[in-house]
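This report concerns only the one structure given below.
In what follows, every chain begins at residue 1, and chains take the letters A, B, ... in the order their sequences are listed. These figures come from a predicted structure and were not determined experimentally.
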Protein chains: 2
Amino acid sequence: MDLTARTAEKIGEALRRTRKARGWTQSDISARTNLRVATISSLENGDAGAKLATVLAVMAALGLEFRLVERGGSLEIEDIF
Amino acid sequence: MDLTARTAEKIGEALRRTRKARGWTQSDISARTNLRVATISSLENGDAGAKLATVLAVMAALGLEFRLVERGGSLEIEDIF
DNA sequence: CTACTTTTTACGCCATGGCGTAACAATCGA
DNA sequence: TCGATTGTTACGCCATGGCGTAAAAAGTAG
């Protein structure tokens, strides 16, 4: 699980994929973040208008963090192994 | 340039650092994104209420992209070299 | 097909982001 | 030190996110 994203859609997909990988429902995330299920849904569907705080809360609940990397960026871990 | 962030503050710092590294002013970013200088300033200062679209626009202007990685995650590139 | 779970969408409401514009503060070069 | 560039903050305005609540739609197990 390690996803690159330049768009809200990609971020949404990454969040949903990670959530599913955890075997969690949007309701689970809701409980862990105090965000409504509807908000989680909107975010996973690529709402670019979502607040940064919302994204960060969901990411924290999923145990994820952002890494800001140069586009077309540096050495990939896959390039080594 | 490769920064990890779990908070709006960290993201703001990363954006500012990258912008400086490019030798650009907030006005330059403003021109490339159609966001006001004030908005860039707010974002760089860690506004968690900023919209995802705003963050993505600035990142695109800086040639950055997000990578969603597991927290305390996998092997760091620094661990290898 | 049916019942249950999960996700999506809607309505009214309040809070706030980002806009234009502008002034103020801070940083920097000569 | 001073003028100029860069960055921060403010005001009024409009648009919209996220809230509570609720219902509809989609997905899943039996």
Side-chain angles (χ1 to χ4, degrees), chain A residues 1-68 70-71, chain B residues 1-68 70-71:
Chain A
M1 192 64 56
D2 173 325
L3 294 165
T4 299
R6 300 176 193 180
T7 66
E9 286 72 26
K10 288 287 183 187
I11 290 175
E13 289 171 18
L15 295 180
R16 173 165 288 160
R17 192 173 327 201
T18 304
R19 176 176 60 78
K20 298 265 191 186
R22 301 268 191 280
W24 293 348
T25 66
Q26 291 182 345
S27 181
D28 291 326
I29 304 295
S30 174
R32 287 173 170 78
T33 58
N34 290 319
L35 293 168
R36 294 181 324 154
V37 170
T39 302
I40 316 287
S41 172
S42 176
L43 180 58
E44 288 188 353
N45 283 315
D47 176 22
K51 293 181 184 176
L52 184 53
T54 302
V55 181
L56 290 171
V58 173
M59 296 214 5
L62 290 170
L64 293 177
E65 65 190 4
F66 275 133
R67 191 157 302 179
L68 287 75
E70 310 249 354
R71 217 159 45 179
Chain B
M1 191 66 56
D2 171 324
L3 294 164
T4 299
R6 300 176 193 178
T7 67
E9 286 74 25
K10 288 289 183 186
I11 290 175
E13 289 171 18
L15 295 180
R16 173 166 287 160
R17 193 172 329 199
T18 304
R19 175 175 62 78
K20 298 268 191 184
R22 302 266 189 280
W24 292 349
T25 66
Q26 291 182 343
S27 181
D28 291 326
I29 304 294
S30 174
R32 288 171 169 78
T33 58
N34 291 318
L35 292 168
R36 297 179 332 168
V37 170
T39 302
I40 316 286
S41 173
S42 176
L43 181 58
E44 289 188 354
N45 283 315
D47 176 21
K51 293 182 184 175
L52 184 53
T54 304
V55 181
L56 290 170
V58 173
M59 297 217 359
L62 290 170
L64 293 177
E65 65 189 5
F66 275 133
R67 192 156 302 180
L68 287 75
E70 311 248 355
R71 213 160 48 178

Would a 4.5 Å heavy-atom cut-off, applied to side chains only, mark A:Leu15 and B:Leu68 as touching?
yes
As an exercise, state the distance from CD of B:Glu13 to OG1 of B:Thr18, rounded to the nearest 0.5 Å.
11.0 Å
Would you say the side chain of B:Leu35 lies within less than 4.5 Å of the side chain of B:Leu43, judging by non-hydrogen atoms?
no
Distance, rounded to the nearest Å, where B:Leu35 contributes CG and D:dA15 contributes P
18 Å
Applying the side chain to side chain contact (heavy atoms under 4.5 Å, CB included) criterion to A:Ile29, which one of A:Glu44, A:Arg22, A:Arg19 satisfies it?
A:Arg19
Expected list for residues 39-57 of chain A near DNA chain D, using heavy atoms below 4.0 Å, is A:Thr39, A:Asp47, A:Gly49, A:Ala50, A:Lys51, A:Thr54
Terminal axis angle for the helix from C:dC1-D:dG30 to C:dA30-D:dT1, five pairs an end, nearest 10 degrees:
70°
Within residues 23-32 of chain B, those residues having any heavy atom closer than 4.0 Å to DNA chain C are none
Atom pairs, N/O to N/O, protein against nucleotides 10-12 of chain D, distance under 3.5 Å?
none

By side-chain hydrogen bond (donor to acceptor under 3.5 Å, both in side chains), B:Ser42 pairs with (sequence neighbours left out) B:Asp47
Do A:Leu56 and A:Phe66 have side chains that get closer than 4.5 Å, going by heavy atoms?
yes
Once you round to the nearest 0.5 Å, how far does NZ of A:Lys51 lie from CG of B:Leu52?
13.0 Å
Test: salt bridge (Lys or Arg N to Asp or Glu O under 4.0 Å). Region: residues 27-41 of chain B. Which pairs qualify, not counting sequence neighbours?
none
As an exercise, state the distance from CG of B:Asn34 to OG1 of B:Thr39, rounded to the nearest 0.5 Å.
11.0 Å
If we only count heavy atoms from C-beta on, is the B:Arg16 to B:Gln26 side-chain gap below 4.5 Å?
yes
Salt bridge (Lys or Arg N to Asp or Glu O under 4.0 Å) between B:Arg6 and A:Glu65, intermediate numbers included:
CA-CA 5 Å; B:Arg6 300 176 193 178; A:Glu65 65 190 4; 2.6 Å; yes
In whole Å, I'd like the distance from the CZ atom of A:Arg19 to the C1' atom of C:dT8.
12 Å
So do the side chains of A:Lys10 and A:Thr4 get within less than 4.5 Å of each other, counting heavy atoms only?
no
Supply the atom-to-atom distance A:Thr33 OG1 to A:Met59 CE, rounded to the nearest 0.5 angstrom.
13.5 Å
